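Basis for what follows: all heavy atoms, side chains included, without hydrogens, waters or symmetry-related copies. All values reported here derive from a predicted model rather than from experimental measurement. Sequential numbering from 1 along the given sequence is applied to the chain's residues.
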Amino acid sequence: MPEIPKYNGTTDPNEHITSYTCAIKGNDLEDDEIEFVLLKKFGETLSKGEKIWYHNLPPNSIDSFVMLADSFIKVHTGAIKVETRKSDLFKVKYKDNEMLREFVSRFQIERIDIPPVADDWAVQAFTQGLNIRSLVASIQLKQNLIEYPVVTWADVHNRYQSKIRVEVD
């Protein structure tokens, strides 16, 4: 049995089915053996809680792996993570009780969690997220980014580094 991460109910069930199917089909099995192995070994790819669902399937209720996969996906559709939209990056705001470096770290984490965003979107979202009624460094950084627009996230980070020195001093 190829090494397949166990499904624990928190990830996309479609991805699990795809990974499992690819791993089994990549095992040099004969065509008539693939369906049998897909059906018989699927339970081994489930964690404890998910195995309960598998073992509670009525006997002889599944005739094919397609039926098993369809049933699995229907039961576990709630686990499909709603993909964060690019526009959600504009919702990341500098909090009143937050230091500038904390906001930058939080913004970078949020940026990683969403689909790839063009640098100009990230720069604009970051600039809009800065709170001008906050620390001197934050005000100076926002004014600097507005007055001298940047194109890349690296440029923003470089300006932040220079402003964070002001905050530390």
Side-chain angles (χ1 to χ4, degrees), residues 1-95 98-130 150-158 160-161 164:
M1 179 73 181
E3 187 63 36
I4 299 167
K6 293 200 181 283
Y7 182 80
N8 62 8
T10 61
T11 58
D12 187 340
N14 292 301
E15 289 178 14
H16 182 72
I17 293 292
T18 302
S19 298
Y20 173 67
T21 305
C22 290
I24 296 299
K25 287 183 176 180
N27 259 348
D28 296 329
L29 297 170
E30 299 295 323
D31 288 341
D32 58 330
E33 296 174 315
I34 292 174
E35 179 74 11
F36 177 78
V37 173
L38 284 170
L39 277 168
K40 295 298 177 188
K41 296 294 184 178
F42 184 71
E44 295 176 23
T45 69
L46 304 175
S47 66
K48 291 179 184 177
E50 305 312 312
K51 275 188 183 179
I52 294 170
W53 165 82
Y54 180 74
H55 288 294
N56 285 334
L57 288 170
N60 302 318
S61 63
I62 303 293
D63 295 330
S64 67
F65 182 69
V66 171
M67 285 179 67
L68 178 62
D70 186 49
S71 178
F72 175 77
I73 290 169
K74 283 179 183 173
V75 168
H76 296 92
T77 53
I80 297 174
K81 182 180 178 184
V82 176
E83 186 175 280
T84 308
R85 296 182 315 250
K86 293 177 184 179
S87 61
D88 289 347
L89 195 56
F90 285 89
K91 296 176 185 171
V92 181
K93 302 289 182 191
Y94 191 101
K95 297 176 184 173
E98 189 173 41
M99 294 186 68
L100 183 56
R101 74 171 54 96
E102 293 169 336
F103 171 65
V104 171
S105 294
R106 190 166 52 83
F107 186 87
Q108 288 176 320
I109 290 169
E110 292 289 334
R111 185 168 181 231
I112 290 168
D113 285 344
I114 64 173
V117 175
D119 273 350
D120 58 337
W121 271 55
V123 169
Q124 187 179 4
F126 179 79
T127 304
Q128 287 181 12
L130 285 169
V150 297
V151 180
T152 68
W153 179 247
D155 292 340
V156 170
H157 198 267
N158 289 338
Y160 152 71
Q161 290 294 339
I164 199 69

Would you tabulate the side-chain donor-acceptor contacts of residues 121-130 under 3.5 Å, counting partners in other chains and residues two or more places apart, or write 'none'?
| residue | atom | partner | partner atom | Å |
| --- | --- | --- | --- | --- |
| T127 | OG1 | V123 | O | 2.8 |

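Residues R106 and E98 meet the side-chain proximity criterion, which asks for heavy atoms closer than 4.5 Å. Taking the side chain as every heavy atom from C-beta outward, F65 and T21 approach each other to under 4.5 Å. Between N8 and L46 there is no side-chain heavy-atom pair separated by less than 4.5 Å.
Under the side-chain hydrogen bond (donor to acceptor under 3.5 Å, both in side chains) criterion, K91 pairs with D88, not counting sequence neighbours.
Counting heavy atoms of neighbouring residues, nucleotides and ligands inside a 6.0 Å radius, atom NZ of K25 does not exceed 12 of them. By the neighbour-count criterion of 12 heavy atoms within 6.0 Å, atom CG of D31 is sparsely surrounded, having that number or fewer from other residues, nucleotides or ligands. Heavy-atom contacts from other residues, nucleotides or ligands closer than 6.0 Å to CZ of F36 number 12 or fewer.
For the atom pair K6 NZ and I4 CD1, the distance stands at 9.5 Å (nearest 0.5 Å). Atom CD1 in I17 sits 9.0 Å away from atom CG in L38 (nearest 0.5 Å). In this structure, the separation between CD1 on I24 and CD1 on I34 is 9.0 Å, given to the nearest 0.5 Å. Atom NZ of K93 and atom CZ of F107 lie 10.0 Å apart (nearest 0.5 Å).
Judged purely by distance below 3.5 Å, without hydrogens or angles, the side chains of H16 and T45 pair a donor atom with an acceptor atom.
Side-chain rings of Y20 and Y7 stay apart, their centers remaining 6.0 Å or farther from each other.
Nearest heavy-atom pair, L100 versus Y94, reported as atom, atom and distance to 0.1 Å: N-OH, 3.1 Å.
Listed by first then second residue, pairs satisfying side-chain hydrogen bond (donor to acceptor under 3.5 Å, both in side chains) with a partner in residues 50-72 read E50-H76, D70-K74, not counting sequence neighbours.
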